[in-house]
Amino acid sequence: MGLLTIDKTLHVGSEIKANVDTLLSGNEAQAIREILEQRGVIFFRGLEIDDKQQVAFAKTIGNTVDSEGEDGIYKISLDQGVNARAKYLQGSLFWHVDGSLQPYPNFAALLRAIKLSDIGGETEFCNTYAAYEALQNDEKNAIESLRVVHSAERSQYYVTPEMSYEELCFWQKSPTKSCPLVWTHRSGRKSLLVGATADYVEGYSVEESRALLAKLRDWCTQPQFVYRHEWQVGDLLIWSNTGTMHRALPYSVDSGRLMHRTILAGEEPLN
Ligand code: OGA
Ligand code: MN
């Protein structure tokens, strides 16, 4: 075997040691996909790869989505001069799943640290399979068939709590999406789906709905389900976007923090 795996916590996050040639060969791609599904997050330290190698490695694991960014690399920065959607990216500071509003949320994403902030900027991930599995049976039964409407508007209240009417109308133009609260995957495994875009539980009162969504987010993000990645320049990290939520810890807009992201297309529908 060309991989050495070191688990970081009981439920989420593993460091993998392997050399670049092994990774690029694709020989371990299936093993990597399996570890990713089990552990939610995997990362490599000191690989010293460039953008082209990052994309080539990503292509061994899944189908890259090249519509964002250039040649498969999208720059994650809160600096408007680096990323025109920097304001929108401030939503990444709150627990979320990428592309929850899309029919096929991304399968996974690769993030490589190019420049770090002096303070903050760690990324946290929680394992939403493990969080679901740890619920009591009666709690599982109570939420089994609930559906949650997700909206871009909801997630923007985290970034801009007092949105103007014009801002609100802008975000309301994005279609909302009804998703199961418990996501049953092709494998048969189940995970919880909440996060910043989760607007309301269908059929619940406003209060009941807010309470349940907050309760389940708190449940998923308990320390035993969370891995916090303390970045080093050059780290390459991959998260399963179907079995985790993630957020960046606050860092300043002018810190220079820069990540290069490559996303892997969704493989199973969320409906
Ligand atoms: C993302 C994201 C977190 C980070 O790229 O989707 O949420 O730490 N990034 O930059
Ligand atoms: Mn994200």
Side-chain angles (χ1 to χ4, degrees), residues 8 12-13 36 40-45 51 54-55 58 61-62 64-70 72-80 82-102 104-128 150-152 154-156 158-159 174 179 191 193-198 217 220-221 226-266 270:
K8 291 295 165 183
V12 55
L36 190 59
V41 177
I42 59 177
F43 67 91
F44 306 86
R45 288 218 136 119
D51 287 349
Q54 173 170 331
V55 175
I61 302 172
T64 58
V65 178
D66 301 342
S67 50
E68 270 189 344
E70 271 172 49
I73 297 284
Y74 182 71
K75 290 184 176 153
I76 301 289
S77 166
L78 296 184
D79 184 339
Q80 193 94 35
V82 178
N83 186 323
R85 295 169 74 219
K87 181 96 204 284
Y88 170 77
L89 285 179
Q90 288 197 11
S92 66
L93 302 179
F94 305 92
W95 287 108
H96 67 282
V97 173
D98 294 340
S100 50
L101 290 156
Q102 293 161 14
Y104 282 75
N106 303 334
F107 166 67
L110 292 80
L111 209 56
R112 186 166 117 255
I114 306 297
K115 189 176 182 307
L116 301 179
S117 51
D118 290 336
I119 302 166
E122 302 89 347
T123 312
E124 291 187 330
F125 302 87
C126 69
N127 186 329
T128 51
H150 289 247
S151 72
R154 179 73 185 90
S155 66
Q156 284 308 302
Y158 290 91
V159 179
S174 296
C179 300
S191 66
L193 183 73
V194 284
T197 55
R217 187 199 53 226
C220 290
T221 57
V226 173
Y227 168 67
R228 176 185 294 181
H229 191 69
E230 316 258 356
W231 291 95
Q232 292 177 13
V233 170
D235 284 357
L236 178 71
L237 180 148
I238 312 179
W239 73 85
S240 152
N241 190 56
T242 56
T244 64
M245 284 195 289
H246 62 279
R247 68 170 178 184
L249 296 187
Y251 57 98
S252 73
V253 169
D254 57 9
S255 64
R257 184 184 190 269
L258 176 65
M259 303 280 174
H260 281 189
R261 186 177 79 178
T262 303
I263 54 182
L264 295 177
L270 174 57

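One-based numbering along the sequence shown. Note that this is a predicted model, so its numbers are computed, not measured. Ligands are counted one by one from 1 in listed order, and the atoms in each one are counted from 1 as well. Side chains are part of it too, since the values below use all heavy atoms of this structure and drop only hydrogens, waters and symmetry mates.
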Test log, rule side chain to side chain donor-acceptor pair (under 3.5 Å), inputs T64 and D66: CA-CA 6 Å; T64 58; D66 301 342; 3.2 Å; yes
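- Checked by atom type and distance alone, the side chain of E68 never pairs as donor or acceptor with a backbone atom of R261 at under 3.5 Å.
- No N or O atom of W239 sits closer than 3.5 Å to an N or O atom of ligand 1.
- Considering backbone and side-chain atoms alike, T123 places an N or O below 3.5 Å from some N or O of ligand 1.
- T123 contributes no side-chain N or O that, together with a main-chain N or O of A248, makes up a donor-acceptor pair within less than 3.5 Å.
- Of all the listed residues (R261, R257, H246), R257 holds the heavy atom that lies closest to atom 4 (C) of ligand 1.
- R257 contributes no side-chain N or O that, together with a main-chain N or O of Y251, makes up a donor-acceptor pair within less than 3.5 Å.
- Of the protein's non-hydrogen atoms, L111 CD2, 4.2 Å is the one closest to atom 9 (N) of ligand 1.
- Listed for the N106 side chain is no donor-acceptor partner under 3.5 Å among the backbone atoms of I263.
- Less than 4.0 angstrom separates some heavy atom of D98 from each of these atoms of ligand 1: 6 (O).
- The nearest N/O/S atom of D98 to the Mn ion (ligand 2) is OD1.
- Residue-level check: among N/O/S atoms of H246, NE2 sits closest to the Mn ion (ligand 2).
- Atoms of ligand 1 found under 4.0 Å from any heavy atom of H96 (numbered from 1 in listed order, with element): 7 (O).
- Residue I76 has at least one heavy-atom neighbour below 4.0 Å for each of these atoms of ligand 1: 5 (O), 10 (O).
- Side-chain contact annotation: N83 with Y74, donor-acceptor N/O pair under 3.5 Å present.
- Considering backbone and side-chain N/O of R247, none are found under 3.5 Å from N/O of ligand 1.
- The number of heavy-atom neighbours closer than 6.0 Å to NZ of K8, taken from other residues, nucleotides and ligands shown, is above 12.
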